[in-house]
Number of protein chains: 2
Amino acid sequence: MPNKNLMLSRKQQILNTAARLFRKRGYSATSMRDIAREMQMEAASLYNHINSKQAILSELLLHIAQAFTDGMFEIKNSSVSNIEKLEQLVALHVQMTVDYTDAISLIPNEWVHLEGDAIKHFLNLRDQYEKDFNTLLEAAVKDKKLGDIDIDLASFSILSSLRWLYSWYSKNRHTDVEKLKKEMIRNLIYGLK
Amino acid sequence: MPNKNLMLSRKQQILNTAARLFRKRGYSATSMRDIAREMQMEAASLYNHINSKQAILSELLLHIAQAFTDGMFEIKNSSVSNIEKLEQLVALHVQMTVDYTDAISLIPNEWVHLEGDAIKHFLNLRDQYEKDFNTLLEAAVKDKKLGDIDIDLASFSILSSLRWLYSWYSKNRHTDVEKLKKEMIRNLIYGLK
DNA sequence: CAATCTAACTAACATTTGTTAGTTTTGTAG
DNA sequence: CTACAAAACTAACAAATGTTAGTTAGATTG
């Protein structure tokens, strides 16, 4: 089977390669020459497609963060119960993990290497997302669908597990995605009942 | 001999400072000059106390990993029920998080920058710990103390939350430690019942 | 064919990096 | 006070870094 990367734009190939290397060794420990070697080209040639190393990181991270924000917007405004919205959010995380395993692995830590407006933007999206998540969790408790939990700590626990799912999924790629969604919903949401 | 104690205490200051900076910016993005500046000394002077940047990282990570291994050994061999052992393990994580907040933050990601024997040793300790954790979880299920969960995924979820607790705790240092232990046990263990 | 565009190349740059060597200061024990 | 060891300093190093400038090969278009 030919390389899947062949069908993508050169820029997208570079982003994918960078995501894989950033995941493996971290942003700082990955050099432009590392990325270039993997792409079988010279480091300077990368600049025909991307503006800077920093721009690679911010494209990767902001793309993921925006996708989560968009997903949250849709789910928040849908007309299902609060507990169902929570279920859909867990499913969103699982789906994102499956679709963007490498890039999503950068979310927990590598954002610290963003600079300027990019880091502000990223943290704005992240903080708003977490606020929305807490709000939904609180609403579900008020609906008597969840026990009398510490909202902040429970929210943190759930999101921690979801953020690290990429690591589990990498070792279990055979897993059926829909089954995984159901199991995570059970573990993380109904475990708290 | 009091000279040696003074030297060790200076070394410990360096380790603590390094842990704080490694946490903030990552191992690779933290230079020896960064650590030195924070210690109000020159980079070269650090080498009177430590052998290399790499040695700092491995001392920090292996110290934490060994403490977990020791804790697991004690708990495994104690004469309480399996479910109580799980409770004690959660409490161990919480206590370690409180005692070594900065150094413990390096456990999830920064081990990738270990080299040679250090990385082998670290991964051995980590993998054995996770195996022991899984075994206990399985035993608790067999005791009918937990529902019919996917052991691997549940173990992963619990450990993810515990690994990231340092981040929550940093923003909630006022929290009573014993209360936090109880809440985490409830969230992570009895949530699964 | 000629002109244009894309995407590769080589060469070089100014910084920053971890670390070593050699020297000087400082604190303490006898 | 002297002697010594601990721990700081200055200076320098080779290697690696992100990036720019200028050039060239190959394809596409008029």
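The sequence lines fix the lettering, A, B, ..., with proteins before strands; numbering per chain opens at 1. All values below come from the heavy atoms of this structure, side chains included, with hydrogens, waters and symmetry mates left out.
Considering only side-chain N and O atoms, H49(A) lies nowhere under 4.0 angstrom from the phosphate OP1 or OP2 of dT6(C). A sub-4.0 Å separation between OP1 or OP2 of dA7(C) and a side-chain N or O of S45(A) is absent.
At a cut-off of 3.5 Å, with distance as the only test, a side-chain donor of Q12(B) or N16(B) sits close to an acceptor on the other residue. Between Y47(B) and E42(B), the side chains place no donor N or O within less than 3.5 Å of an acceptor N or O (distance only, hydrogens not considered).
Between R37(A) atom CZ and dC9(C) atom P there is a gap of 13 Å when expressed in whole angstrom units. Summarising the geometry, the separation between CD on Q40(B) and P on dA8(D) is reported as 12 Å, rounded to the nearest angstrom. In this structure, L46(B) places its CG atom 15 Å from C1' of dT10(D), rounding to the nearest Å. Whole-Å rounding puts the R10(A) CZ to dA27(D) P distance at 14 Å. Note: NZ (K11(B)) to C1' (dA6(D)) measures 15 Å, nearest angstrom. Atom P of nucleotide dG18(D) and atom CD1 of I14(A) are separated by 14 Å, given to the nearest angstrom. Whole-Å rounding puts the E42(A) CD to dT23(D) C1' distance at 14 Å.
Under the side chain to side chain contact (heavy atoms under 4.5 Å, CB included) criterion, S78(B) pairs with V80(B), K85(B), Q88(B), sequence neighbours left out. In this structure, N172(B) has no side chain to side chain donor-acceptor pair (under 3.5 Å) partners at least two apart in sequence or on a different chain. Scanning for side chain to side chain contact (heavy atoms under 4.5 Å, CB included) contacts around S161(A) gives L188(A), S157(B), S160(B), S161(B), with sequence neighbours left out. Looking at residues two or more places apart in sequence or on another chain, you find a side chain to side chain contact (heavy atoms under 4.5 Å, CB included) between A55(A) and N51(A), S52(A). In terms of the side chain to side chain contact (heavy atoms under 4.5 Å, CB included) criterion, residue partners of H121(A) (sequence neighbours excluded) are, by chain and number, L62(A), Q66(A), L125(A). Shown here are the ring pair (Phe, Tyr, Trp, His ring centres under 6.0 Å) partners of Y169(A), two or more places apart in sequence or in another chain: there are none.
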Would you mind writing out the side-chain donor-acceptor pairs for residues 110-119 of chain A within the sub-3.5 Å range, not counting sequence neighbours?
{"unit_1": "E110(A)", "atom_1": "OE1", "unit_2": "Y27(A)", "atom_2": "N", "d": "2.9"}
{"unit_1": "E110(A)", "atom_1": "OE1", "unit_2": "H113(A)", "atom_2": "ND1", "d": "3.4"}
{"unit_1": "W111(A)", "atom_1": "NE1", "unit_2": "P108(A)", "atom_2": "O", "d": "3.2"}
{"unit_1": "H113(A)", "atom_1": "NE2", "unit_2": "S28(A)", "atom_2": "OG", "d": "3.4"}
{"unit_1": "H113(A)", "atom_1": "NE2", "unit_2": "R25(B)", "atom_2": "O", "d": "3.0"}

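DNA chain D is contacted by no residue of residues 55-63 of chain B, taking any non-hydrogen atom closer than 4.0 Å.
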Report summary line: The contact string for nucleotides 13-23 of chain C, one letter per nucleotide 5' to 3', using protein heavy atoms under 4.0 Å with B, S and - for base, sugar-phosphate only and none, comes out as ----BBBBB--

